[in-house]
Amino acid sequence: MCGITGYIGYRDAYPIIINGLKRLEYRGYDSAGVMLFDGTQINLSKTKGKVSVLEEKVNNEISNKGVIGIGHTRWATHGVPNDVNSHPHISQSGNLVIVHNGIIENYNTLKQELKTRGYTFKSDTDTEVLINLIEEIKTEHNVKLGKAVQIALNQVVGAYAIAVFDKTNPDEIVVARLGSPIAIGVGKDLKEFFIASDASPFIEYTKDAIYLEDEEMAIICQGKEVKVRKIKDDTLVDTDVQELQMNLEQIEKGGYEHFMLKEIYEQPRAIIDTYRGRLLREKGIIKMSGVEDNMGKFLNAERIVIVACGTSWHAALVAEYLFEDFARIPVEVEYASEFRYRNPVLTEKDIVIAISQSGETADTLAAIKLAKERGAFVFGVCNVVGSSIARETHAGAYTHAGPEIGVASTKAFTTQITVLSLMALRLARAKGTMSSSKYRHYLQELELIPQKVESLLKVDDHIKEIAKKYMLSNNCLYLGRGYNFPVALEGALKLKEISYIHAEGYPAAEMKHGPIALIDDRMPVIVIATSKGHYDKVVSNIQEIKSRSGKIIAVVTEGDTIVREIADHVIEVPETEEAFTPLLTTIPLQLLSYHIAVMRNCNVDQPRNLAKSVTVE
Ligand code: G6P
């Protein structure tokens, strides 16, 4: 994880770096640091805590002048979050400075070797080892920084995105990547360059960006074109300058108190953007080039294996129901982290779908690489355009949710389900497992979802009232069946993530095999009981909770009368086909978690210990 930023040009680097770090805080926020070069000396400040703490420290401690600098916001891997372990790290001579996102796995061996050559270490980090290795190579081989970085990286095992500065040659910053992302913003007439983990820190300055691929590096120097090279053998790579589609408005809060709330409210628009140009209801067709181009593979697939983590894994579970129900293709859903380490049986007849909002999750990436090695065709469902997973997969379909900044995923989930619904429908049609009238009906229903989400958002005040009653709970149970079982898991995850209340999601019928023992008059149970999904069975489960004095918050279909009689609170969602109910039932659960977290004074957008993009395994 971790976010890195850098600037080299003619403007004050500090505000660019500090604002960039704030935008990258979703990647980690347990400590932060900045290095500025004022033309003569290095000014470095770093601290445990968020970027706002760093800002105060910089104001009190160092000069913030200089037109070149690098910055970092950290999610600790090696060494606890404290001032010393924070980045940037400086080499023993005080000349070289580095920021790093990733893990150097052989750092201990390298550290012991460096110790024998007289190096001492202040921090517990792998990064301090790397910068001293670069320094040792630079001195020993008498080479410039770029060469030293290249030699060092060829000795390193692990993952990295780095930016390195050398006081003895202060006109350049060297960057490199393997496994962690790095983008270079190219300013007008090459007068300035920006470096960042994603393009958000420099979006207001330039729309031209170069994304390094794995095993590539570049020396960035004002006035010179960026030349990208292979770390391994120094060969030059064709540099592809891409035009960014993102705009500033998309990455700001736009009047909402939190990004999470903004992103919840953006869902009608995000779902439309995701199906726009794909769901052509009037023509009665779905067009998805990633699927069309590989239709033969999909039609011959004996099985689909879906790999993902976190919320994306919950979307994968919904997809399991969709693909099996609509297209009659057997599906297995795997945690990417388990899949990659358990020698899975895969053949060329398997299709692996990888789902990831960020497109950078290390475990999902590793699962993709494994699947490719075993000959499977890999299809990606990602939100971030140009991300590692989008590039690593054979084909894919983007969700068009726009940047998701709140750490707890919301619009990514519903747009993933939208893409997966379109895919399942398209495949059902191609396989002939769905009649054309049913298909048309589903297209119509899917098209109506955004306006139903919109109407659902209007009951926010009612959900807030419910949140007030349960904000002090210590535990919470979420139940759902069929398509809404994954929604129960997602609802519980949202509550855990942002309010730190222990919550569990269960298939409603499984309650009697354990969780029922937990139910008493202090246990809120959120039950999804929409009219079409095994309604009667869920009503029986609700009765069972009621008999044990549990507090019932039921998510029901508009007009429901039966559950209303039994439940303590009901939240109505508009009617739709059962397969699309997750797109609606998720919304009140997101809002409930959000309000409870706000009432408990939790940091909604940046919950403790979490990060949005988990680039470590
Ligand atoms: C982290 C985030 C989650 C996210 C998961 C998978 O844990 O906090 O919100 O669902 O990673 O991320 P991905 O980007 O692969 O969807």
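Remember, predicted model here, so these are calculated numbers, not experimental data. Whatever order the structure lists ligands and atoms in, that order sets their numbers, starting from 1.
- Ring geometry for Tyr321 versus Tyr483: interplanar angle of 30 to 60°, hence tilted.
- When each of Gln267, Glu266, Glu404 is checked for a side chain to side chain donor-acceptor pair (under 3.5 Å) with Lys411, only Glu266 meets the rule.
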One line per pair, note the atom names and distance for all nitrogen or oxygen contacts under 3.5 Å between ligand 1 and the protein.
residue	atom	partner	partner atom	Å
ligand 1	8 (O)	Ala611	O	3.0
ligand 1	9 (O)	Val407	O	3.2
ligand 1	10 (O)	Thr311	N	2.9
ligand 1	12 (O)	Thr361	OG1	3.3
ligand 1	14 (O)	Ser356	OG	3.3
ligand 1	14 (O)	Gln357	N	3.4
ligand 1	14 (O)	Ser358	N	2.7
ligand 1	14 (O)	Ser358	OG	2.6
ligand 1	14 (O)	Thr361	OG1	3.4
ligand 1	15 (O)	Ser356	OG	2.6
ligand 1	15 (O)	Thr361	OG1	2.4
ligand 1	16 (O)	Ser312	OG	2.6
ligand 1	16 (O)	Gln357	N	2.7

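- For the residue pair Lys494 and Thr311, a side-chain donor N or O sits within less than 3.5 Å of a side-chain acceptor on the partner.
- Ring geometry for Phe377 versus Phe298: interplanar angle over 60°, hence perpendicular rather than tilted (30 to 60°).
- If you check the side chains of Asn383 and Thr399, you find a donor sitting under 3.5 Å from an acceptor.
- A perpendicular orientation is assigned to the rings of Tyr594 and His258, their planes being inclined by more than 60° (bins at 30° and 60°).
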